[in-house]
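Okay, so here's the structure we're looking at.
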Amino acid sequence: MRNKNVLFPAWVTNIGAVTTCLLILLYFRSQAEVMQRKRDIEEREDKQIVDVKYIEFFSVRLALDSTDESSFIEAKHGVMDGLPVDKSRETSSHSNSADTSITKSGNDSPMNAYEESDVKGDTERDESIDYNMEWEEFSEPKRIPCTSKYPAQHVVLLRTHRSGSGTIANIMYRYGDLNDLEFALPKQKSYDFYWPLNFNPSFVDKKYLNLTPPDLLINARYSPDTMTSFMSKDSYFVTIIRKPSSHFESVFNGYQIDTILGMYNVSDPLDEFLSKPRQYLLQYLKEKPRFDMNLNMAKNGQIFDLGLQHKYYNDPATIRKHINDLAEKIDLVMIMEYFDESLVLLKRELCWDLDDVVYFKLNQRSLEYKQLELTTQQEV
């Protein structure tokens with residue numbers, strides 16, 4: 001007959017014990033989550049009733065009660081733009097003996113460590129901080145408005161060879177033609193007024209001017225006294241220059257200086273000329289009875305176009321004075337390397353329309369005729 005007190009196997013008993021332990025652990029974990037959730041709710045409620053203006057965050061304060069849409073950020077002792085100052089709160093903080101600079105609700109968070117000294121510091125603005133942090137508030141710098149005398153129609157373009165002045169001249173010819181302006185035209189077929197001579201009013205054909213000053217003088221060599229007396233007093237002077245090393249390379253290859261100097265059968269004429277320029281020029285002057293006018297561009301061609309004579313090239317004082325005079329009398333100096341940006345400036349200064357400065361490039365060499373990369377020694 002079987003025994004009624006037969007025990008369960010040992011492994012069954014062990015499984016029961018493990019299951020009981022897991023249930024107990026799950027119970028305590030759920031209780032802990034409930035308590036943590038309750039504490040979170042209480043903390044949120046506490047933060048809503050605490051009168052906190054700032055949060056200390058790595059020595060930077062963030063405004064909590066700003067009604068503005070953006071977040072204002074400042075250094076520790078700066079001023080919060082857009083935050084109204086509560087005078088009654090400030091007065092009560094000084095009348096009470098206890099520290100009432102901020103209302104607490106039993107929360108010892110570092111957010112509440114806002115001392116009275118910080119309140120006083122709010123009246124001082126740190127000018128080293130950019131308080132305007134909203135992109136929508138950005139506005140372009142104000143430009144001089146176009147008055148009744150604009151758009152400007154009295155313009156003088158000073159010629160500088162191989163610098164993009166041909167393109168600028170084409171823009172101005174078109175503008176004058178479309179607006180029925182009067183041009184200063186040379187007496188004979190010389191569009192640049194007998195360059196390399198300095199401009200003289202005697203070069204202009206007066207029969208086209210009807211005894212009045214012209215509106216546009218284009219592509220003349222700079223001569224301040226004669227130009228000022230010949231043109232209207234409100235004439236706007238414009239010129240364009242470029243990097244000297246690239247300008248010389250353009251002059252040398254564009255005007256075939258090597259051919260003028262008789263540099264035949266030379267693999268690299270530019271480098272050969274730069275190695276001994278004085279020798280080649282003196283040899284040319286001895287052998288040739290007539291001076292080729294393009295050689296005026298072989299040395300400091302841009303400042304020659306702008307009026308400085310060769311005899312002053314070794315006179316630093318005269319060169320400095322001439323450059324200062326140019327800076328004073330020329331209204332706009334364009335830069336060929338920033339051609340489009342310079343045209344924007346020209347358009348704004350003259351109050352022209354954008355269509356007035358649309359252009360096609362003129363007299364530009366193809367890449368195969370350009371010596372694109374000059375060595376440092378060549379540039380020097």
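All figures in this text were calculated on a predicted structure; none of them were measured in a lab. Start at 1 with the first residue, then count along the sequence.
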Separation between [atom1] of [X] and [atom2] of [Y], rounded to the nearest 0.5 Å:
| X | Y | atom1 | atom2 | result |
| --- | --- | --- | --- | --- |
| Asp353 | Leu178 | CG | CG | 11.0 Å |
| Glu182 | His154 | CD | NE2 | 9.0 Å |
| Leu308 | Thr318 | CG | OG1 | 7.5 Å |
| Glu249 | Ile257 | CD | CD1 | 12.0 Å |
| Leu295 | Leu261 | CG | CG | 5.5 Å |
| Ser163 | Ile241 | OG | CD1 | 8.0 Å |

Looking at side-chain heavy atoms only, is the closest gap between [X] and [Y] below 4.5 Å?
| X | Y | result |
| --- | --- | --- |
| Ile168 | Met334 | yes |
| Leu158 | Ile240 | no |
| Leu181 | Tyr175 | yes |

Could you verify whether a donor N or O on one side chain and an acceptor N or O on the other, from [X] and [Y], lie under 3.5 Å apart?
| X | Y | result |
| --- | --- | --- |
| Gln283 | Glu287 | yes |
| Asn198 | Gln309 | yes |
| Asp40 | Gln36 | yes |
| Asn296 | His310 | yes |
| Ser232 | Ser235 | no |

Count the heavy atoms belonging to other residues, nucleotides or ligands that lie under 6.0 Å from [atom1] of [X], then report whether that count exceeds 12.
| X | atom1 | value |
| --- | --- | --- |
| Asp340 | CG | yes |
| Lys329 | NZ | yes |
| Phe28 | CZ | no |
| Tyr338 | OH | no |
| Lys288 | NZ | no |

* Asked: So Asp305 and His161, side-chain contact (heavy atoms from CB on, under 4.5 Å) or not? Walk me through it.
  -> CA-CA 7 Å; Asp305 278 336; His161 291 76; 3.0 Å; yes
Which heavy atom in [X] sits nearest to a heavy atom in [Y], and how many Å separate them?
| X | Y | value |
| --- | --- | --- |
| Asp205 | Leu209 | O-CG, 4.2 Å |
| Gly176 | Phe183 | CA-CZ, 3.6 Å |
| Phe273 | Met263 | N-CE, 3.7 Å |
| Phe230 | Pro214 | CE2-CG, 3.6 Å |
| Ser165 | Leu157 | O-CD2, 3.9 Å |
| Glu337 | Ser246 | OE2-OG, 3.6 Å |

* Measure from the ring center of Phe199 to the ring center of Tyr194 and say whether it is less than 6.0 Å. =>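 Aromatic pair excluded; centres sit 6.0 Å or further apart.
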* **Aromatic ring proximity Phe193/Phe203, centre distance under 6.0 Å** => no
* **Derivation and outcome, side-chain contact (heavy atoms from CB on, under 4.5 Å), residues Ile303 and Ile323** => CA-CA 9 Å; Ile303 200 168; Ile323 292 176; 4.2 Å; yes
* Asked: For Asn219 and Trp195, what are the C-alpha separation, side-chain angles and deciding distance, and is it a side-chain contact (heavy atoms from CB on, under 4.5 Å)?
  -> CA-CA 9 Å; Asn219 276 342; Trp195 183 92; over 6 Å; no
* Asked: Checking Arg162 against Tyr255: charged group under 6.0 Å from the ring centre and within 45 degrees of the axis?
  ->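 Judged by the rule (NZ or CZ under 6.0 Å from the ring centre, within 45° of its axis), Arg162 counts as positioned above Tyr255.
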* Dump the intermediate steps for side-chain contact (heavy atoms from CB on, under 4.5 Å) on Tyr359 and Asn170, then the final yes or no. => CA-CA 8 Å; Tyr359 68 95; Asn170 186 56; 5.9 Å; no
